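Hydrogens, waters and symmetry mates play no part in the numbers below; they use all other heavy atoms, side chains included. Just so you know, these numbers come straight off a predicted model, no measurement behind them.
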Amino acid sequence: MAADTNKTRRIGDVEVSAIGLGGMPMSIEGRPDEARSIATIHAALDAGITLIDTADAYHLTATDDGHNESLIAKALASYGGDTSDVLVATKGGHLRPGDGSWTQNGSPKYLAEAAEASLKRLGVEAIGLYQFHRPDPKTPYEDSIGAIRDLLDAGKIRMAGISNANPAQIKQAQEILGGRLVSVQNQFSPAFRSSEPELELCDSLGIAFLPWSPLGGISRAGDLGAKHPAFHTLAAELGVSPQRLTLAWMLAKSPHVIPIPGSSRPETIRDSYAAVDLQLTAEQVAALDAA
């Protein structure tokens with residue numbers, strides 16, 4: 001029996017929930033206390049989410065590297081149910097020096113060290129999905145992806161992905177990885193649609209496309225309906241939140257799309273996950289595409 005592609009999707013050979021949980025809001029500026037974050041992760045697991053996205057750069061100060069990875073490991077360890085089917089996807093190559101800025105380091109030496117540190121924080125034998133976080137202008141892209149390939153070949157990571165990539169980089173990564181690229185994580189939302197070419201390329205290649213900030217980002221997700229009237233109007237007609245509608249719209253665009261909305265409250269991730277049960281008509285999807 002075929003899986004319900006509106007409730008589950010595939011990353012490589014792994015079946016995951018069609019909506020994932022983005023961990024960043026639980027570890028950067030404005031982050032909640034640990035108890036609420038762990039409650040949020042547990043609520044996601046209770047709802048049926050089996051994909052959690054993190055990165056070693058999701059931390060606040062220069063001394064708490066990997067805060068989000070450690071938090072997720074703690075939440076999984078303290079969860080009462082079975083977590084064997086949960087895929088934790090992390091990233092390396094982006095850094096936060098501690099002054100609020102984001103920098104890049106895509107050197108092979110750094111990526112090897114970063115992956116090793118992530119592996120230890122997550123407490124696993126091999127990272128389920130490791131993604132090159134963002135191209136580094138100082139390092140040839142092929143060198144960075146070569147380092148990801150080496151991690152894959154060495155068994156340090158089970159699957160390889162990239163983030164913040166353009167179509168040429170997607171094709172280049174796929175070639176360097178010998179056809180083993182399983183995911184591309186790019187920004188995509190009603191307000192940020194310039195990743196449509198990457199989404200369409202992933203769809204044609206059968207590669208998972210993971211929209212980050214699908215609701216517009218931490219500070220703007222609450223205003224999604226106000227800023228996008230078409231989403232507000234249709235959501236009101238359907239009796240759902242504009243946020244839930246947005247995720248359902250993304251799911252309807254391609255069976256390879258897996259949104260990863262960030263959350264730091266149990267109620268918001270529950271509402272996000274409910275998008276898997278919201279079926280839109282072709283006309284509704286077309287109207288939102290054109291909005």
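Using cut-offs of 30° and 60° on the angle between ring planes, the pair Trp102 and His94 is tilted. A parallel orientation is assigned to the rings of Trp249 and Phe188, their planes being inclined by less than 30° (bins at 30° and 60°).
Counting heavy atoms from C-beta outward, Glu15 and Arg10 have side chains that approach closer than 4.5 Å. Contact of the His42 side chain with the Ser78 side chain is registered, since non-hydrogen atoms from C-beta on lie closer than 4.5 Å. For the pair His133 and Gln104, the minimum side-chain heavy-atom distance is 4.5 Å or more. In this structure, Asp150 and Lys156 have side chains that are not in contact, with every pair of non-hydrogen atoms separated by 4.5 Å or more. For the pair Gln284/Leu238, a side-chain contact is recorded, criterion being any heavy-atom separation below 4.5 Å from C-beta on. Met26 is listed as a side-chain neighbour of Ile41, based on a closest heavy-atom distance under 4.5 Å. By the 4.5 Å heavy-atom criterion applied to side chains, Thr246 and Pro214 are not counted as neighbours. Taking the side chain as every heavy atom from C-beta outward, Ile218 and Ile28 approach each other to under 4.5 Å.
Neither side chain, Asp271 nor Gln243, offers a donor N or O lying under 3.5 Å from an acceptor on the other. Between the side chains of Thr139 and Ser144, not a single donor N or O lies within less than 3.5 Å of an accepting N or O. With 3.5 Å as the limit, one finds a donor-acceptor pair spanning the side chains of Ser118 and Glu69. Arg36 and Ser264 share a side-chain donor-acceptor pair at under 3.5 Å.
A donor-acceptor contact shorter than 3.5 Å links the side chain of Arg9 to the backbone of Leu251. A donor-acceptor pair under 3.5 Å links the side-chain atoms of Ser163 to the main chain of Gln185, judged by distance alone. Side chain of Asn164 to main chain of Arg134: no donor-acceptor pair is present (N/O by atom type, distance under 3.5 Å, no hydrogens or angles). Under a 3.5 Å cut-off, the side chain of Thr50 and the backbone N or O of Ser17 do form a donor-acceptor pair. Of the possible polar contacts, one joining the Arg96 side chain to the His59 backbone as a donor-acceptor pair under 3.5 Å is found. Under a 3.5 Å cut-off, the side chain of Asn186 and the backbone N or O of Ala165 do form a donor-acceptor pair. Using a distance-only test at 3.5 Å, with no hydrogens or angles considered, a donor-acceptor pair links the side chain of Ser204 to the main chain of Leu201. Judged purely by atom type and a 3.5 angstrom limit, Ser27 has no side-chain atom pairing as donor or acceptor with the backbone of Met24. For Arg158 (side chain) and Gly155 (main-chain N/O), no donor-acceptor pair under 3.5 Å exists by modelled atom type.
Look at Asp46 and Arg270 and you find no salt bridge, because none of the NZ, NE, NH1 or NH2 atoms lies under 4.0 Å from a carboxylate O. Ion pairing between Lys91 and Asp53 holds under the 4.0 Å rule for side-chain N and carboxylate O.
Here the closest non-hydrogen pair linking Ala275 and Ala248 is CB-N, 3.8 Å. Ala147 and Pro108 get closest at one heavy-atom pair: CB-CA, 3.7 Å. For the pair Ser263 and Arg265, the tightest heavy-atom approach, listed with the atom from each and the gap, is OG-O, 3.1 Å. The two residues Leu199 and Ser254 come nearest to each other via the heavy atoms CD2-CB, 4.2 Å. Here the closest heavy-atom approach between residue Pro97 and residue Ala62 is recorded as O-CB, 3.0 Å. For the pair Leu111 and Gly106, the tightest heavy-atom approach, listed with the atom from each and the gap, is CD1-O, 3.6 Å.
Both Ile269 and Leu45 belong to a single network of hydrophobic side chains, linked directly or stepwise wherever heavy atoms of I, L, V, M, F, W or Y lie under 4.5 Å apart. Clustering ILVMFWY residues whenever any of their side-chain heavy atoms sit less than 4.5 angstrom apart, transitively, puts Leu205 in a cluster other than the one holding Met159. Note on Leu247 and Leu288: same hydrophobic cluster, where clusters join Ile, Leu, Val, Met, Phe, Trp and Tyr whose side-chain heavy atoms are under 4.5 Å apart, directly or indirectly. Neither Met250 nor Ile260 shares a network with the other; the hydrophobic side chains, linked directly or stepwise wherever heavy atoms of I, L, V, M, F, W or Y lie under 4.5 Å apart, form separate groups for each. Cluster membership for Ile11 and Ile127, using ILVMFWY side-chain heavy atoms within less than 4.5 angstrom, is not shared.
In this structure, Phe192 shares a hydrophobic cluster with no other residue, the cluster being traced through Ile, Leu, Val, Met, Phe, Trp and Tyr side chains under 4.5 angstrom apart.
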> So Ser183 and Gln131, side-chain contact (heavy atoms from CB on, under 4.5 Å) or not? Walk me through it.
Replying inline: CA-CA 8 Å; Ser183 65; Gln131 305 153 101; 4.2 Å; yes

> Under the side-chain contact (heavy atoms from CB on, under 4.5 Å) criterion, do Tyr58 and Ile72 qualify, and how do the steps go?
Replying inline: CA-CA 11 Å; Tyr58 295 165; Ile72 288 166; over 6 Å; no

> Checking side-chain contact (heavy atoms from CB on, under 4.5 Å) for the pair Leu245/Leu280: CA distance, chi angles, key distance, verdict?
Replying inline: CA-CA 9 Å; Leu245 173 67; Leu280 302 179; 3.7 Å; yes

> Going through the checks in order, is the side-chain contact (heavy atoms from CB on, under 4.5 Å) test met by Val184 and Gln174?
Replying inline: CA-CA 11 Å; Val184 174; Gln174 178 72 315; over 6 Å; no

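Between atom CG of residue Leu181 and atom CD1 of residue Ile176 there is a gap of 10.5 Å, rounded to the nearest 0.5 Å. For the atom pair CG of Asn68 and CG of Asp65, the computed distance is 12.5 Å after rounding to the nearest 0.5 Å. From Ile148, atom CD1 reaches atom CG of Leu177 across 8.0 Å, with rounding to the nearest 0.5 Å. Taken to the nearest 0.5 Å, the CD1 atom of Ile52 stands 13.0 Å off from the CG atom of Leu129. Considering CD of Glu196 and CD of Glu198, their distance stands at 9.5 Å, rounded to 0.5 Å. Atom CZ of residue Arg244 and atom CG of residue Asp277 lie 8.5 Å apart, to the nearest 0.5 angstrom.
Between Phe209 and His256, the ring center distance fails the sub-6.0 Å criterion.
For His232, the NE2 atom sits in a loose shell: 12 or fewer heavy atoms of surrounding residues, nucleotides or ligands are nearer than 6.0 Å. Counting non-hydrogen atoms of other residues, nucleotides and ligands closer than 6.0 Å to CD of Glu175 gives a total of 12 or fewer. Atom NZ of Lys109 sits in a sparse spot, with 12 or fewer heavy atoms from other residues, nucleotides or ligands closer than 6.0 Å. Environment of CD in Glu125: sparse, with no more than 12 heavy atoms of neighbouring residues, nucleotides or ligands closer than 6.0 Å.
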